[in-house]
Student: 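After the structure tokens below, expect a handful of questions from me.
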Amino acid sequence: MEPLIITAAVVGAELTREDTPYLPLTPAEIAEEAYRSYLAGASIVHLHARDADGSPTQDPTVYKEIMERISEKCDVIMQISTGGAVGMSAAERTQPLSLKPEMATLTTGSVNFGRDLFLNPPSLIEEFAEEMTALQVMPEFEIFDVGMIENALRLVRKGLVKSHLHFDFVMGVPGGIPATADHLLHLIRQLPKDATWSVAGIGRFQLPMAVLGIVLGGHVRVGLEDNIYYRKGELATSNAQLVERVVRIAKEMGRKIATPAKAREILKIASSYST
Ligand code: KMH
Ligand code: ZN
């Protein structure tokens, strides 16, 4: 099996300090969490940004500060969110693409998101894909339900995506595909032969889905964005703590951990981010 790519989703858009006191909010805090996750074994960091009062923002100047701080310290792959937060406009969501990160998320369909709606109609998806391709930003397809895979492949057939195909299965969002082994196997079976995939289990499903990702030859996403607990009733004290556990389990099972350079090779990313 290929070395394991671990993505750390360090902040997200929904959580607050009331949910967990360990959530990074300022650019310095987010960059530090990203760096510590890298030291723990993450080769990709999935980034959201927060404004001065802690609310989600897609302001490229905030992303720029986060990315500069991270790139000063390490060569981890930076993947910005184009999902942003529910309710943001399409124009707002794509703003940080102007920074030309190596990767960005691309959710290929709409999905109920708890009590909200995460809206991604075909016109928006196509526009995002075109912009990423024009800027040479590699999309990671965020798959919240099975139909989103076919939507992603439609983009490829239309020539709107030309990069290596990498899918992240986000499983266990209330409104999306449940986090079960059966559903994961079904998702994997829908992928083209050369595609790669990772799995992000939400909440208490983070650990079991990560273990399945390791044993099935996929890759793994963990972090506070998806899950704030280390175990039932015990908050995780950092993103790195969640990454470290995946590293330990993977090594016990004989799976090597990908460095950022190895992850670039697996994902066929040509060049690294430069400010
Ligand atoms: N915050 C969610 C509405 C992404 O980063 O692309 C969307 C999200 C997915 O987190
Ligand atoms: Zn996200």
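In each ligand, atom 1 is the first atom listed, and ligand 1 is the first ligand listed.
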Student: Looking at ligand 1, is there an atom of it that comes within less than 4.0 Å of some heavy atom belonging to Pro56?
Tutor: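 It does not, in that no heavy atom of Pro56 comes within the 4.0 Å cut-off of ligand 1.
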
Student: Tell me which protein heavy atom sits closest to atom 3 (C) of ligand 1, plus the residue, atom name and distance to 0.1 Å.
Tutor: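 Answer for atom 3 (C) of ligand 1: Glu14 OE2, 3.6 Å.
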
Student: Looking at Gly83, which atoms of ligand 1 are within less than 4.0 Å of one of its heavy atoms?
Tutor: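 Heavy-atom distances to Gly83 below 4.0 Å select 4 (C), 6 (O).
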
Student: For ligand 1 and Ala13, I'd like to know whether there is a polar contact (N/O to N/O, distance under 3.5 Å).
Tutor: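 N/O-N/O distance below 3.5 Å does not exist for this pair.
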
Student: Going by atom types only, do Asp53 and Ser55 share a side-chain donor-acceptor pair under 3.5 Å?
Tutor: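 There is such a pair (donor and acceptor under 3.5 Å, judged by atom type) between the side chains of Asp53 and Ser55.
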
Student: For the residue pair Phe141 and Phe167, categorise the inter-ring angle as parallel (less than 30°), tilted (30 to 60°) or perpendicular (more than 60°).
Tutor: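 Geometry flag for Phe167 against Phe141: tilted rings.
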
Student: Among residues two or more places apart or on two chains, list those pairs meeting side chain to side chain donor-acceptor pair (under 3.5 Å) that have a residue in residues 109-124.
Tutor: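 Sorted pair list: Arg93-Asn120.
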
Student: What protein heavy atom sits nearest atom 10 (O) of ligand 1, and how far away is it?
Tutor: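 It is Glu225 OE2, 3.1 Å.
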
Student: Just going by heavy-atom distances, which of Ser81, Gly12, Ala85, Ala9 is nearest to atom 4 (C) of ligand 1?
Tutor: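 When every heavy atom of Ser81, Gly12, Ala85, Ala9 is considered, Ser81 comes closest to atom 4 (C) of ligand 1.
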
Student: Under 2.8 Å from the Zn ion (ligand 2), can any N, O or S atom of Glu225 be found?
Tutor: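 Checking Glu225: at least one N, O or S atom is under 2.8 Å.
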
Student: Using 30° and 60° as the class boundaries, would you call the ring planes of His46 and His48 parallel, tilted or perpendicular?
Tutor: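 His46 vs His48 ring planes: perpendicular.
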
Student: State, without any angle test, whether Thr7 and His219 hold a side-chain donor-acceptor pair at a distance under 3.5 Å.
Tutor: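 Side-chain D/A pair, Thr7 to His219: absent.
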
Student: Can you sort out which atoms of ligand 1 are near Phe118, meaning under 4.0 Å from one of its heavy atoms?
Tutor: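 Every atom of ligand 1 under 4.0 Å from some heavy atom of Phe118: 3 (C), 7 (C).
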
Student: Tell me whether Ile125 shares a hydrophobic cluster with Leu119, the cluster being built from Ile, Leu, Val, Met, Phe, Trp, Tyr side chains joined at under 4.5 Å.
Tutor: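 Per the 4.5 Å side-chain linkage, Ile125 and Leu119 are not co-clustered.
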
Student: Starting from atom 6 (O) of ligand 1, which protein heavy atom do you reach first, and at what distance in Å?
Tutor: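 Scanning the protein heavy atoms, the shortest distance from atom 6 (O) of ligand 1 goes to Thr105 OG1, 2.6 Å.
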
Student: Taking the Zn ion (ligand 2) as the vertex, measure the angle between atom NE2 in His46 and atom NE2 in His48; round to 10°.
Tutor: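 Answer comes to 100°, rounded to 10°.
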
Student: Report yes or no: do Trp197 and Met1 belong to one cluster of Ile/Leu/Val/Met/Phe/Trp/Tyr joined by side chain heavy-atom distances under 4.5 Å?
Tutor: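 Different clusters.
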
